[in-house]
Amino acid sequence: MVEENALRGADIVARSLARLGCERVFTLSGNHIMSIFDAAIEAKLDLVHVRHEAAAVHMADAWGRLTGKPGIAMVTGGPGHANAVGALYTALGAESPMVLLSGHAATWEFGRGGFQEIRQADMAAPVSKASFTATSAATLGREIGEAIRIATSGRPGPVHLSLPSDLLEERVESNAIVWPHGGASAAPALSDAVADATLAAIASAARPIIFAGPQLSNVSGRALLARLEAATQTPAVILESPRGIADATLGGFSDLVRRADLIVLIGKALDFTTKWASGSSFDPAVRLISIDPEAALVERASKEMDGRLVLGSIADVRGAAETLIRRAASVKFREAGWLKEARAALDNRPAAWASIVSQTPGRLHPAQVFRALRPYIERDPDTVLICDGGEFAQWGQSMLPVRRRMINGVAGSIGGSLSFANAARLAEPNAPIFVVLGDGTIGFHFTEFETAVRRKLPFVAVLGNDALWNAESQIQLREYGRERMHGCDLTPARYDLAVAALGGHGEYVERAEDLAAAIERSLASGKPVCINVMIESIAAPVIRL
Ligand SMILES: Cc1ncc(C[n+]2csc(CCOP(=O)(O)OP(=O)(O)O)c2C)c(N)n1
């Protein structure tokens, strides 16, 4: 307990978070941050403590993606920070509004070989929007506010702030404390003139396509994009997978992209996922429009397109979409033929998938798993679907409806899903939550099942167990030949029993006809669940028109 007329730096941090509406903190304890744990009692912060610092970041990332509000992760200095940093990579790719608060050696230890002292801000810089170290106890609140403001403004993303332990212990007179101001800074609005020029380019194109990024991948973003598609008669597609235009979610779309004559990027980087709109996947004459809150991405598009950028504009993504929809009402667009063709390509799935079965006794084909799972994902529009891993998850992405979905994103970083599920359950006490993941992937943060049991966070993880890191194994098969496949094998471990041992519920499935009952029992258990489904090792689906 501290006297109210003089607060510790730690109290300023905890109360600043509470003032800014961040009452939940994903964390793992450590010397440098125990003062904040102590201060969290008066500030009434809910400390969700986990089993690896990266899991705390993954949870803050998922919280940011699902709620649109900043997720907060807090870890100790040195090794705790180092463990957390890797997970920032995923949050950066997903453009997730989140803040990593890391404890840090005391300021008087800087550069002197202090306990767990390392240049933390430098370490986190490449994987965050901003990365800095607090400079005084009195201004800790302002710096927390600044970190949150940067994370939630413009193109959202992770921000790191290190908190030296002596500043957290220091007492500051209440009249000297600089408390944070809330709020994000809005990116500029798309001007009517640029909106009209964009719409004119779309109207005069024969086969335009709109690509959006993670900022529109939540429920409201998808609804907005659907309205933009309808208003402009132009296929509008989210690219959020590292497989880009070849993402199994997009059916046979990659074959159709080749014929596009105009691509409009709205909050989507011109990067490897778009194949930089060049090469054999694109018409060499295709033109581009880039609308993005980040000037550097508009500049990149201009440089890459070398004269084929019709226009670029720095603007807020959602506002831009709304403006385009509003002004599209007075524009005449082409007949619906191209849009119909594009939607047919996006919905295209081989007819054989409806009946494909395993050739291996005791193992299911991934298509059998997702045929059984589909009705459970479909029956509640609030269902959160989390896909993680390689080939098995790709089957899931292509066969399950996309409404509220989280995938590892353009970062292509596997392993976050069990943490995502925990955060999703905290954000959504009642929605069904399913995870689809591979047996390699489940190992990264397996003990998050213990967090889930401890915090009573039920979800159902459907594990495709082929005793293999199959995605990489498929690369070896393709590139180097069957006889050179090695280093990717696993055991057919009983992950279901391990989850039961941690206090959750486990199911083991070797036959397709047993899967539905296993899902029913899992949902009825009210516990965190692993359905360990033995599957054949099948390559990810490739859909051709
Ligand atoms: C953090 C990270 N490490 C490694 C990889 C490379 N990688 C991508 S998919 C994959 C295999 C996943 O195996 P599993 O979870 O069993 O799924 P499967 O492909 O067998 O369905 C690996 C190792 C990655 N993308 N991210």
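Atoms within a ligand are numbered from 1 in the order they appear, just like the ligands themselves.
- The number of heavy atoms from other shown groups lying within 6.0 Å of CZ (Arg119) does not exceed 12.
- For ligand 1, the atoms lying closer than 4.0 Å to a non-hydrogen atom of Asn470 are 13 (O), 18 (P), 19 (O), 20 (O).
- Ring geometry, Tyr376 versus Phe434: the interplanar angle falls from 30° to 60°, so the pair is classed tilted.
- For atom 2 (C) of ligand 1, the closest non-hydrogen atom on the protein side is Ile414 CG1, 3.6 Å.
- Between Gly389 and ligand 1, a contact under 3.5 Å exists for no N or O pair.
- Protein heavy atom at the shortest distance from atom 21 (O) of ligand 1 is Phe392 N, 2.9 Å.
- At the top of the distance list for atom 24 (C) of ligand 1, counting protein heavy atoms only, stands Gly412 O, 3.6 Å.
- Note: Phe459 and Phe449 meet the aromatic proximity criterion, with ring centroids under 6.0 Å apart.
- More than 12 heavy atoms of other residues, nucleotides or ligands shown are found within 6.0 angstrom of CZ on Phe282.
- Among protein heavy atoms, atom 12 (C) of ligand 1 sits closest to Trp469 CE3, 3.8 Å.
- Comparing Gly390, Ala467, Ala54 against atom 17 (O) of ligand 1, the shortest heavy-atom distance belongs to Gly390.
- Residue-environment remark: OH (Tyr480) stays at or below the threshold of 12 foreign heavy atoms within 6.0 Å.
- Considering every non-hydrogen atom in both Ser417 and Asp388, the closest pair reads OG-OD2, 2.7 Å.
- With hydrogens left out, the protein atom closest to atom 14 (P) of ligand 1 is Gly440 N, 3.6 Å, a heavy atom.
- Residue Leu225 comes nearest to Ala236 through the heavy atom pair CG-CB, 3.7 Å, listed as atom of the first residue, atom of the second, then distance.
- Heavy atoms of Ser413 come nearer than 4.0 angstrom to ligand 1 in at least one pair.
- With hydrogens left out, the protein atom closest to atom 8 (C) of ligand 1 is Glu472 OE2, 3.0 Å, a heavy atom.
- With hydrogens left out, the protein atom closest to atom 15 (O) of ligand 1 is Thr441 OG1, 2.6 Å, a heavy atom.
- Taking the six-membered ring for Trp and the full ring otherwise, the centers of His81 and His160 sit less than 6.0 Å from each other.
- Under 4.0 Å from ligand 1, the heavy atoms of Asp466 that appear belong solely to its side chain.
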